[in-house]
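Chain letters run A, B, ... following the sequence lines, proteins first and then strands; every chain starts at 1.
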There are 2 protein chains.
Amino acid sequence: MSLDHAILGFLSEKPITGYDLKTRCFDETASHFWTADQAQVYRTLERLENRKFVRPRLERQHSRPDRKVYSATPAGISELHRWITSGGPAPPLRDPFLIRLRFAEGVSDDELLGLLGERRQEMQARLESLRTQTARPLPADAQLSAILERLTLDAAIAHARSSIDWLDDCTETLLSRREPDSFSRSGDSRPLPPLGEKGGQER
Amino acid sequence: MSLDHAILGFLSEKPITGYDLKTRCFDETASHFWTADQAQVYRTLERLENRKFVRPRLERQHSRPDRKVYSATPAGISELHRWITSGGPAPPLRDPFLIRLRFAEGVSDDELLGLLGERRQEMQARLESLRTQTARPLPADAQLSAILERLTLDAAIAHARSSIDWLDDCTETLLSRREPDSFSRSGDSRPLPPLGEKGGQER
DNA sequence: CGCATATACTGGTCTTGTCATATATGCTCA
DNA sequence: TGAGCATATATGACAAGACCAGTATATGCG
């Protein structure tokens with residue numbers, strides 16, 4: 001149901017084609033907080049059209065195939081507003097990587113450290129991409145729409161950073177098990193510091 | 001496909017019934033990183049049984065209905081290991097709340113602040129529940145399985161905390177727009193500090 | 001004895017997302 | 001001139017998760 005409203009959101013800002021919703025919106029400007037594939041976008045547009053929430057206008061092109069440009073209808077904008085203000089629960093955490101980690105007891109340390117490293121590299125790449133999109137600070141008198149967009153980027157940045165910090169904690173924990181410091185070698189039951197409580201570092 | 005392997009993971013540790021997989025595992029010990037409903041668990045068990053990855057044993061009970069206790073087969077354990085070491089990409093960020101925020105331009109400040117507050121309360125409750133599960137530190141000589149489980153809890157904690165920090169940043173940003181400090185009132189274009197870069201605070 | 005609850009399992013359906021495939025127009029370049 | 005790519009729209013099939021409903025056995029309580 002959320003894709004419906006994401007599309008209504010974009011169309012409430014300006015008319016867009018199905019092709020541009022996919023390539024410009026879900027592959028680019030909004031990819032840090034929602035994605036959709038081509039089949040899904042066209043099917044959702046059809047459904048929204050059937051419910052009179054959007055209206056297409058055929059646009060003839062001479063150097064390109066003809067295209068349908070969609071706009072949100074007043075009913076669509078009203079439905080978007082209703083949905084936005086209705087709120088809803090946060091989705092449960094759901095990442096196959098956590099299943100892998102949880103049941104990794106039979107996996108060698110090197111393999112597990114490799115998986116942590118791979119995932120870290122992926123999140124680092126995401127963070128760097130997000131960083132380039134936020135390199136230019138907003139002026140103090142920025143429009144609300146620019147501020148809201150920036151806030152979604154900040155959410156993705158915060159998510160990537162906390163992921164990286166957590167992955168580093170995991171790596172340190174596993175390495176410290178493999179090579180305990182000399183104090184631990186003395187055999188006492190000194191508890192490990194709680195993970196996840198460390199302050200974030202710049203990366 | 002991930003539920004298959006989560007179930008194989010639990011069954012590789014000890015035999016479990018379908019009912020306990022749902023109530024003890026996906027509703028309790030693993031609910032911070034994966035959830036599944038009852039119908040889904042039973043259907044997945046059937047599929048795993050068909051693929052010879054698990055094997056049920058009927059257990060007669062006299063004070064309760066009879067039950068099936070499932071175990072992972074050697075083939076199942078091998079498949080679990082294969083899947084764990086195969087890795088895979090991080091799922092894209094996907095939270096309807098971010099769509100709501102992005103397109104909230106037509107929503108009143110009070111409504112938007114209310115949504116931020118609701119979500120913050122929900123994440124705070126999650127954090128507190130996770131905190132009670134990690135209140136007791138692991139001993140330095142803890143088993144690897146306990147350490148790995150603790151790491152998944154840390155992931156959920158990190159996620160909740162970074163969410164709360166981000167939500168607080170959003171709230172501050174919106175409030176500062178509503179009541180700019182006197183310096184901004186002078187009309188200069190001083191840029192806002194980048195959001196998401198602030199250190200996390202204890203909550 | 002009826003009701004609620006726990007334990008235990010199964011069937012049906014819907015939604016959402018993914019993967020594959022198809023057709024069409026037009027441009028670029030070796 | 002044809003392959004590859006961009007633009008543009010669309011359909012079929014399937015998987016995973018969610019939701020709803022159903023059946024059965026057993027216990028506890030008013």
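- Separation of atoms CD1 (A:Ile99) and CH2 (B:Trp34) is listed at 4.5 Å; rounding is to 0.5 Å.
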Mind listing the side-chain donor-acceptor pairs of residues 87-97 of chain A below 3.5 Å, one per line with the distance, residues two or more places apart or on another chain?
unit_1: A:Arg94; atom_1: NH1; unit_2: B:Thr35; atom_2: O; d: 3.2
unit_1: A:Arg94; atom_1: NH2; unit_2: B:Thr35; atom_2: OG1; d: 2.7
unit_1: A:Asp95; atom_1: OD1; unit_2: A:Phe97; atom_2: N; d: 3.0
unit_1: A:Asp95; atom_1: OD1; unit_2: A:Arg119; atom_2: NH2; d: 3.4
unit_1: A:Asp95; atom_1: OD2; unit_2: A:Arg119; atom_2: NH1; d: 2.8

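- Close to C:dC9, at under 4.0 Å from its OP1 or OP2, lies a side-chain N or O of B:Tyr42.
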When the side chains of residues 43-51 of chain B are checked against the rest of the protein, which donor-acceptor pairs come out under 3.5 Å, sequence neighbours left out?
unit_1: B:Thr44; atom_1: OG1; unit_2: B:Gln40; atom_2: O; d: 2.8
unit_1: B:Arg47; atom_1: NH2; unit_2: B:Asp4; atom_2: OD1; d: 2.9
unit_1: B:Asn50; atom_1: ND2; unit_2: B:Glu46; atom_2: O; d: 3.4

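- A:Ser108 is linked by a side chain to side chain contact (heavy atoms under 4.5 Å, CB included) to A:Asp110, A:Glu111, counting only residues two or more places apart in sequence or in another chain.
- Atom C1' of nucleotide C:dG26 and atom CZ of A:Arg64 are separated by 8 Å, given to the nearest angstrom.
- Distance NE2 (B:His62) to C1' (C:dA8): 16 Å, rounded to an integer number of Å.
- Here A:Phe33 pairs with nothing under the ring-ring contact (aromatic ring centres under 6.0 Å, His included) rule; sequence neighbours left out.
- Nucleotide C:dA8 holds its P atom 9 Å from the CZ atom of B:Arg24, rounded to whole Å.
- Atom CD of residue A:Glu128 and atom CZ of residue A:Arg131 lie 8.0 Å apart, to the nearest 0.5 angstrom.
- The shortest side-chain heavy-atom distance between B:Gln121 and B:Gln124 does not fall under the 4.5 Å cut-off.
- Where the helix from C:dC1-D:dG30 to C:dA30-D:dT1 starts and where it ends, the local axes point in directions that differ by 10°; five pairs per end, rounded to 10°.
- Near DNA chain C, meaning a heavy atom under 4.0 Å away, there are no residues from residues 52-61 of chain A.
- Scanning for ring-ring contact (aromatic ring centres under 6.0 Å, His included) contacts around B:Tyr70 gives an empty result, with sequence neighbours left out.
- Residues B:Pro65 and A:Asp66 both approach DNA chain C. Their nearest nucleotides, taken by heavy-atom distance, put B:Pro65 toward the 5′ side.
- Legend: salt bridge (Lys or Arg N to Asp or Glu O under 4.0 Å) pairs involving residues 67-77 of chain A, not counting sequence neighbours, sorted by first then second residue: A:Glu59-A:Arg67.
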Quiz item: In B/S/- notation, 5' to 3', how is nucleotides 11-19 of chain C contacted by protein heavy atoms closer than 4.0 Å?
Solution: BB---SSBB

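- Think of the region where chain B sits on DNA chain D: with heavy atoms and a 4.0 Å cut, that region ends 5' and 3' at D:dA16 to D:dT27.
- B:Arg67 has a side-chain polar atom (N or O) that falls below the 4.0 Å cut-off from OP1 or OP2 of C:dA8.
- Each side-chain hydrogen bond (donor to acceptor under 3.5 Å, both in side chains) pair with one or both residues in residues 73-93 of chain A, not counting sequence neighbours, appears once here: A:His5-A:Glu79, A:Glu79-A:Arg82.
- B:Ser71 OG to B:Ile77 CD1: the interatomic distance, rounded to the nearest 0.5 Å, is 9.0 Å.
- Judged as a side-chain hydrogen bond (donor to acceptor under 3.5 Å, both in side chains), the pairs with a partner in residues 7-23 of chain B (not counting sequence neighbours) are, in order, A:Arg102-B:Glu13, B:Lys22-B:Asp27.
- Taking CG from B:Leu167 and CD from B:Glu118, the interatomic distance works out to 11.5 Å, rounded to the nearest 0.5 Å.
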